[in-house]
Amino acid sequence: MVLKPTRAQKKTNYDQKLCRLLDEYSQVLIVGADNVGSNQLQSIRKGLRGDSIILMGKNTMMKRSIRIHSENTGNTAVTNLLPHLVGNVGLIFTKGDLKEVKEEVAKYKVGAPARVGLVAPIDVIVPPGNTGLDPSQTSFFQVLNIPTKINKGTVEIITPVELIKKGDKVGSSEAALLSKLGIRPFSYGLIVVSVYDNGSVFSPAVLDLSEEDLLEKFLAGVSMVASLSLAVSFPTLAAAPHMLINAYKNALAIAVATEYSFSEADEIKEFLKDPSKFAAAAAPAVAAESVAAAPAAVEEKKEEPEEESDEGDMIMGLFD
């Protein structure tokens with residue numbers, strides 16, 4: 001006869017398992033498990049099998065085990081998990097990519113009917129159209145102030161109706177109507193509420209950021225640092241190039257307005273005295289662009305069937 005473990009033995013086994021997982025894994029997803037059934041949870045376990053382990057339990061037991069692990073190992077970082085163990089939550093220990101694990105968990109949501117007393121996680125809107133119900137069922141629609149009409153012996157909803165708002169409790173009339181219409185408005189699954197990575201806890205929204213998003217945010221931060229540094233005249237690495245350019249512009253302006261001069265200022269003064277020199281200096285750059293574009297034009301000309309001529313030979317000879 002196999003003896004069942006006592007309550008104390010169960011607690012000890014749970015402590016050992018959680019402490020072992022905290023030793024082996026440095027990444028943990030804290031997930032909400034409201035309205036998740038055992039069969040659904042088993043499917044999620046199978047989908048994550050390989051590099052992730054799901055551990056459920058009472059919050060008091062999880063907090064107790066984490067404190068024990070912290071005291072025994074001196075790893076105080078794991079105590080950052082404690083404030084987030086609130087409500088019906090579980091832990092997913094993983095060695096894989098956090099974003100991929102989060103996406104895998106999101107795949108296992110299942111539809112659920114609107115039960116009486118349940119808090120709606122989303123707005124529920126009943127679409128217009130034929131309901132297939134006979135005219136004797138119009139009382140449901142009248143109680144909920146849903147405009148209807150009788151069309152070919154069945155009840156038809158005229159306009160879309162917001163039946164339940166997010167955060168409201170589902171009433172008996174709403175639940176009965178949605179059941180009759182065959183609408184399962186809600187979907188439930190494990191929802192990642194927080195992410196633990198090597199002692200740091202952050203929002204799961206961070207996992208959705210791409211490299212481009214991070215680069216954009218970094219550049220925006222550098223721009224703000226540079227702007228602030230320039231405004232208060234405090235030198236920083238971000239503002240240094242702008243400060244040097246502004247200093248050069250000021251020195252150039254002073255040289256142009258006074259007798260003081262230096263090599264770069266001499267060139268600017270020459271351009272100001274005789275603008276035609278600036279046009280002459282800009283001409284080589286324009287000519288270089290024209291020469292760069294010329295071979296492409298010649299290639300196009302080659303494709304066009306033309307009679308041979310001495311002038312064409314001369315033009316082609318320039319690019320041989």
Side-chain angles (χ1 to χ4, degrees), residues 29-48 54-60 62 83-92 99 101-195 203-208:
L29 297 179
I30 305 170
V31 293
D34 290 333
N35 302 296
V36 178
S38 57
N39 292 334
Q40 185 180 0
L41 185 59
Q42 188 64 22
S43 299
I44 298 173
R45 290 183 190 275
K46 290 180 180 179
L48 296 176
I54 300 177
L55 182 66
M56 307 298 294
K58 293 183 179 180
N59 292 346
T60 52
M62 288 191 285
H84 302 275
L85 299 179
V86 179
N88 187 16
V89 297
L91 303 175
I92 299 179
K99 183 178 180 180
V101 175
K102 176 176 174 287
E103 293 173 349
E104 183 66 23
V105 169
K107 293 179 182 178
Y108 294 91
K109 288 187 176 181
V110 296
R115 297 191 298 272
V116 179
L118 190 68
V119 177
I122 58 172
D123 294 334
V124 178
I125 298 176
V126 179
N130 196 309
T131 63
L133 301 177
D134 59 83
S136 64
Q137 306 290 329
T138 54
S139 58
F140 285 103
F141 300 95
Q142 292 172 355
V143 170
L144 299 169
N145 296 320
I146 299 177
T148 60
K149 67 178 181 179
I150 306 301
N151 184 16
K152 296 181 181 181
T154 57
V155 179
E156 181 176 332
I157 299 175
I158 300 174
T159 58
V161 178
E162 186 177 6
L163 187 64
I164 307 172
K165 292 184 178 180
K166 180 180 178 180
D168 292 346
K169 287 187 176 181
V170 179
S172 57
S173 299
E174 291 89 344
L177 177 60
L178 292 171
S179 177
K180 287 181 177 295
L181 295 177
I183 298 176
R184 299 167 66 89
F186 306 142
S187 60
Y188 297 106
L190 294 181
I191 300 175
V192 179
V193 294
S194 297
V195 181
S203 169
V206 176
L207 301 178
D208 298 327

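For reference, positions follow the sequence shown, starting with 1.
- With hydrogens and angles disregarded, a donor-acceptor distance shorter than 3.5 Å links the side chain of N59 to the backbone of G87.
- To the nearest 0.5 angstrom, D123 atom CG is 8.5 Å from D168 atom CG.
- Remark: side-chain polar atoms of T131 are paired, donor with acceptor, to backbone N or O of V155 under 3.5 angstrom.
- Residues H84 and S194 share a closest heavy-atom pair of ND1-OG, 3.4 Å.
- Residues V36 and L41 approach most closely at CG1-N, 4.2 Å, considering heavy atoms.
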Self-check item: V195 and V206: CA distance, side-chain angles, deciding distance, side-chain contact (heavy atoms from CB on, under 4.5 Å) verdict
Solution: CA-CA 9 Å; V195 181; V206 176; over 6 Å; no
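- Shown here for M56 and V89, the closest heavy-atom pair between the two residues is CE-O, 4.0 Å.
- I44 contributes atom CD1, which lies 3.5 Å from atom CG of L190 (distance to the nearest 0.5 angstrom).
- Between the CD1 atom in I183 and the CD1 atom in I125 there is a gap of 11.0 Å [rounded to 0.5 Å].
- The shortest heavy-atom contact between P204 and V192 is CG-O, 3.4 Å.
- Using a distance-only test at 3.5 Å, with no hydrogens or angles considered, no donor-acceptor pair links the side chain of N130 to the main chain of E156.
- In this structure, the side chain of Q40 engages the main chain of Y188 through a donor-acceptor pair within 3.5 Å.
- Looking at I146 and L163, their side chains come closer than 4.5 Å, going by heavy atoms from C-beta outward.
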